[in-house]
Amino acid sequence: MEIINTLVHRNPALPTVEFLGEGGEAIRVAIASGDAARTDEELVETAKQMMVQVVAFDRPDLYEDHAQGESGIYTFEYQDKGVVRIMPGITLPNLGAVQEEVNRSGEDMWKDALDKPETPVGWAVRARNDRGDIVATCTYEELQRRGP
């Protein structure tokens with residue numbers, strides 16, 4: 001499909017990004033309601049990342065060389081107040097490196113959260129393998145226990 005136009009529909013309950021194709025095709029991506037405050041460009045980027053993730057999860061053969069869960073391509077998810085940012089296609093050599101990167105990213109998010117009036121809760125960063133399984137997680141509660 002060749003995209004000729006992209007529309008952002010700002011419904012506060014469910015922002016939607018619509019990709020319109022040359023032949024009349026359309027793909028609509030509904031984004032979590034917590035994303036309503038984001039700019040149009042950020043919503044479009046989030047929708048694109050969501051579509052890339054769907055393609056990767058639909059192709060189990062795509063990363064067959066990494067079936068053992070060691071060296072592979074991972075999708076990182078970052079959560080802040082219910083808004084999830086997805087970064088697919090991160091290559092790391094093993095699960096230890098994945099956990100280290102999840103922890104490092106979580107620490108960065110915690111430092112940013114200290115400037116906000118509310119203490120965040122739940123998971124901060126998590127990583128999924130090529131099959132979509134969560135293989136590493138860092139929670140805000142863990143980060144709070146560790147301290148600054």
Side-chain angles (χ1 to χ4, degrees), residues 1-95 97-140 143:
M1 174 174 120
E2 185 174 336
I3 297 173
I4 59 169
N5 198 5
T6 303
L7 304 173
V8 176
H9 304 284
R10 292 200 156 272
N11 177 339
L14 194 64
T16 304
V17 176
E18 187 173 13
F19 300 95
L20 304 174
E22 185 176 33
E25 306 94 348
I27 298 172
R28 289 178 190 89
V29 180
I31 301 172
S33 61
D35 282 348
R38 297 171 81 185
T39 67
D40 286 0
E41 292 78 20
E42 290 172 323
L43 289 171
V44 169
E45 185 59 32
T46 298
K48 287 178 182 179
Q49 291 172 359
M50 290 169 69
M51 289 190 301
V52 167
Q53 188 173 5
V54 169
V55 170
F57 287 152
D58 197 34
R59 301 251 337 260
D61 61 319
L62 191 61
Y63 308 117
E64 225 169 63
D65 294 340
H66 308 294
Q68 298 303 317
E70 292 298 321
S71 175
I73 299 175
Y74 300 89
T75 298
F76 277 62
E77 300 172 339
Y78 306 86
Q79 188 263 137
D80 184 25
K81 288 188 169 183
V83 175
V84 178
R85 186 170 45 99
I86 300 170
M87 294 292 289
I90 297 172
T91 303
L92 292 168
N94 56 49
L95 291 174
V98 172
Q99 186 64 58
E100 286 176 18
E101 181 59 24
V102 164
N103 291 343
R104 188 198 60 74
S105 296
E107 289 167 6
D108 288 345
M109 290 182 69
W110 181 249
K111 288 175 189 169
D112 291 341
L114 294 175
D115 294 334
K116 298 178 182 174
E118 296 176 19
T119 302
V121 295
W123 61 273
V125 182
R126 62 186 180 193
R128 295 180 184 269
N129 63 14
D130 59 329
R131 292 180 305 280
D133 303 321
I134 296 172
V135 295
T137 303
C138 181
T139 69
Y140 284 112
L143 294 164

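- Using a 4.5 Å cut-off on side-chain heavy atoms (C-beta onward), Leu43 and Arg10 make contact.
- Using modelled atom types, no side-chain atom of Thr139 and backbone atom of Thr137 make a donor-acceptor pair closer than 3.5 Å.
- Counting only distance, with no hydrogens or angles, the side chain of Glu25 and the backbone of Gly23 share a donor-acceptor pair below 3.5 Å.
- For the atom pair Glu22 CD and Ile3 CD1, the distance stands at 11.5 Å (nearest 0.5 Å).
- Using modelled atom types, no side-chain atom of Glu18 and backbone atom of Leu7 make a donor-acceptor pair closer than 3.5 Å.
- Residues Val84 and Trp123 are in side-chain contact: their nearest non-hydrogen atoms beyond the backbone lie under 4.5 Å apart.
- Between Gln79 and Tyr140, the shortest heavy-atom contact is O-OH, 2.7 Å.
- Listed here is the closest heavy atom pair of Cys138 and Gly106: SG-CA, 4.3 Å.
- Here the CD-CG distance, from Gln99 to Leu92, works out to 11.5 Å after rounding to the nearest 0.5 Å.
- Between Val98 and the choices Asn129, Asn103, Val135, the side chain to side chain contact (heavy atoms under 4.5 Å, CB included) rule is met once, by Val135.
- Closest approach of Ile73 to Gly89, counting heavy atoms only: CG2-CA, 3.5 Å.
- Shown here for Ala97 and Asn94, the closest heavy-atom pair between the two residues is N-OD1, 2.7 Å.
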Derivation of the side-chain contact (heavy atoms from CB on, under 4.5 Å) call for Tyr78 and Asp108:
CA-CA 11 Å; Tyr78 306 86; Asp108 288 345; over 6 Å; no

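- Rounding to the nearest 0.5 angstrom, the gap separating the CD1 atom in Ile90 from the OG1 atom in Thr75 is 7.5 Å.
- With Val125 as the fixed residue, the side chain to side chain contact (heavy atoms under 4.5 Å, CB included) test singles out one of Glu77, Met109, Glu101, Arg85: Met109.
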What do the steps show when you test Arg126 against Val102 for side-chain contact (heavy atoms from CB on, under 4.5 Å), and what is the final call?
CA-CA 6 Å; Arg126 62 186 180 193; Val102 164; 5.7 Å; no

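- Distance check: Tyr74 OH to Asp130 CG gives 8.0 Å after rounding to the nearest 0.5 Å.
- Note that the CD atom of Glu42 and the CD1 atom of Ile31 stand 10.5 Å from one another [nearest 0.5 Å].
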